*Asks:* 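Could you have a look at this structure, given as structure tokens, before my questions?
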2 protein chains.
Amino acid sequence: MDDRTEHGIPRAVAIAWGMAETPQRGPRRGLSHERIVEAAIEIADADGLAAVTMQRVAESLGFTTMSLYRYVANKGELLTLMQDAASKLPKVDTWPPPEGWQEGIRQLAIQLTEIYRARTWMLELPRYERAVLMPNAMEFAERAMAALEPLPLDTEQRVAVILNLAVLAEGFCRLEINLAEEEVTEFDAHDIQLLSEVITPERFPLLAPLVVTGSWAGSPETGHGHVSGEFERGLQWLISGIEQLAAQASSPG
Amino acid sequence: MDDRTEHGIPRAVAIAWGMAETPQRGPRRGLSHERIVEAAIEIADADGLAAVTMQRVAESLGFTTMSLYRYVANKGELLTLMQDAASKLPKVDTWPPPEGWQEGIRQLAIQLTEIYRARTWMLELPRYERAVLMPNAMEFAERAMAALEPLPLDTEQRVAVILNLAVLAEGFCRLEINLAEEEVTEFDAHDIQLLSEVITPERFPLLAPLVVTGSWAGSPETGHGHVSGEFERGLQWLISGIEQLAAQASSPG
DNA sequence: ACCTGAACACCGTTCAAGT
DNA sequence: ACCTGAACACCGTTCAAGT
């Protein structure tokens, strides 16, 4: 099975949109794309992405490993489908929110971070196991477009807002998880003492003091080491940048 | 070999700073951390990250696979070391640039994207094979701090700028590579026709028209599909956000 | 058309042994 | 202390065969 359809569209995109025909004739057909993806996500949720092997996914469904290959060209395709399925935004009663486009932007950003934080395995997926044209990525973009509608921006500007929003949210989640898992967690005074032998004021005049005080990559006990404050600032800069642009656009000259 | 030192510092960090003692006594010692990392990077540059196996790295150095494990606790540690070694910023004559902090910020962002674009395998590294305290990450932060020095910001604000800068640059490189490799490259009118059957104006009233015209995930022939314009906008929003903050700080009240 | 079973060509990593 | 050689416990994926 090739991982492209007869067209330029990746097979995973076609499957996600339900465009990959799975004919009804023949034996049992106990399996389906949906069931396979669902089972894989359950395993990732429970035991992490490394636990998602073709064997284990199949086993959890009561089928042979090889039966999966009738539905999926390779493991990467399955991962791409998992990524999209896990990206489903929460239902909202009214959209965009009446508080204004800034609130809409902010809510979308927060919803993205909640998705990633609930499923950190999503940020462990290989870079290429994602596609722009998947249903839930489109849904995100559509909601963002709706929130931005009252603004006097051209298409490219709107697209830029959406991409920056997504990049910021994902990037800071990644950073947050890295910091939580890596060095920072178990830092103590002794470690900092040790690091300060190489991170000297001579070599890092501006940064060395911050490392010592814990302001840079600091430990949780110093009140740093979480990065959500920096994310909110970035979001605010994005929003005020858009405000400025909108003001220019509506009063030209 | 454990992947932590006796302290909370990850072994990879200690190695990168030259704090992991490799005693001189004993047989040949033909190997070193530097040579191993260098060899691994050469392989990644030539044949991609997937080609970097312990066997191939060792082989390219003329040693047994297992000899590597005397220097590196596991493959992940090697990947972390590769990440940092490949993150070396270009030498600059004068820093920060005399044109002002905005130019400094911009130059740093561009330098980051050039590093990633030259070595796309860096963006394929698993999320956890990165550490904040590695030498070249520190060097980046130090340069950014130097560029920001004239500004009346507090420490947390400066840190926020640096993190947003890094997140933006990396995120857009990732996006750019995804778009180049994935669906977009080989899109034609027929594909769009096919997609427009599921991406309908009913379900995606604002986005569907953009997909048809190629403004969203468009093909190169329509002039879209590259994302550097959106990155520059984000960078500009970041910069004007900082300008605004700085103006507030210097004229309080 | 759907699923199975056996086999292949890899991985990273262990362990005990050599010098 | 440094390196080797053989072995282990996995992977994803192929292929030919069953129903």
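Just so we're on the same page: letters track the sequence lines, and every chain starts at 1. Just so you know, these numbers come straight off a predicted model, no measurement behind them.
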*Asks:* Among the candidates D:dC3, C:dT4, C:dC3, find the nucleotide nearest to the side-chain atoms of A:Thr64.
*Replies:* C:dT4

*Asks:* Could you list the residues that satisfy salt bridge (Lys or Arg N to Asp or Glu O under 4.0 Å) with B:Arg203, not counting sequence neighbours?
*Replies:* none

*Asks:* How does DNA chain C read in dot-bracket, base by base from 5' to 3', with Watson-Crick or G-U pairs under 3.5 Å and | used when the partner is on another strand?
*Replies:* ||.|||||...|||||.||

*Asks:* Donor-acceptor pair, distance only, cut-off 3.5 Å: does the side chain of B:Asp84 make one with the backbone of B:Ala16?
*Replies:* no

*Asks:* Using side chain to side chain contact (heavy atoms under 4.5 Å, CB included) as the criterion, list what pairs up with A:Pro126, not counting sequence neighbours.
*Replies:*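 Partners of A:Pro126 under the side chain to side chain contact (heavy atoms under 4.5 Å, CB included) test: A:Leu79, A:Tyr128, A:Glu129.
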
*Asks:* Applying salt bridge (Lys or Arg N to Asp or Glu O under 4.0 Å), name anything that partners B:Glu139, two or more places apart in sequence or on another chain.
*Replies:*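 If we apply the salt bridge (Lys or Arg N to Asp or Glu O under 4.0 Å) test to B:Glu139, skipping adjacent residues, the hits are B:Arg143.
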
*Asks:* Can you give one letter per nucleotide of nucleotides 9-16 of chain C, 5' to 3': B if a protein heavy atom sits under 4.0 Å from the base, S if only from the sugar-phosphate, - if neither?
*Replies:* --SBBB--

*Asks:* Taking salt bridge (charged side-chain N to carboxylate O under 4.0 Å, His left out) as the cut-off, I'd like each qualifying pair that reaches into residues 36-57 of chain B, sequence neighbours left out, listed once.
*Replies:*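 Applying salt bridge (charged side-chain N to carboxylate O under 4.0 Å, His left out) to every pair that reaches into residues 36-57 of chain B, excluding sequence neighbours, yields B:Asp45-B:Arg119, B:Asp47-B:Arg56.
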
*Asks:* Tell me every residue that passes salt bridge (Lys or Arg N to Asp or Glu O under 4.0 Å) with B:Arg35, counting only those two or more places apart in sequence or in another chain.
*Replies:* none

*Asks:* Take the protein atom CZ of A:Phe63 and the nucleotide atom P of D:dT19, then report the distance between them rounded to whole Å.
*Replies:* 17 Å

*Asks:* State which residues pass side chain to side chain contact (heavy atoms under 4.5 Å, CB included) with A:Ala137; sequence neighbours excluded, sorted by chain then number.
*Replies:*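 So A:Ala137 forms no side chain to side chain contact (heavy atoms under 4.5 Å, CB included) with any residue.
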
*Asks:* For B:Thr120, what residues pass the side chain to side chain contact (heavy atoms under 4.5 Å, CB included) criterion, not counting sequence neighbours?
*Replies:*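 Partners of B:Thr120 under the side chain to side chain contact (heavy atoms under 4.5 Å, CB included) test: B:Ile177.
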
*Asks:* Rounded to whole Å, how long is the line connecting atom CD1 of B:Ile36 with atom P of D:dC2?
*Replies:* 12 Å

*Asks:* Can you tell me which nucleotide in C:dT4, D:dC3, C:dC2 comes closest to the side chain of B:Arg70?
*Replies:* D:dC3

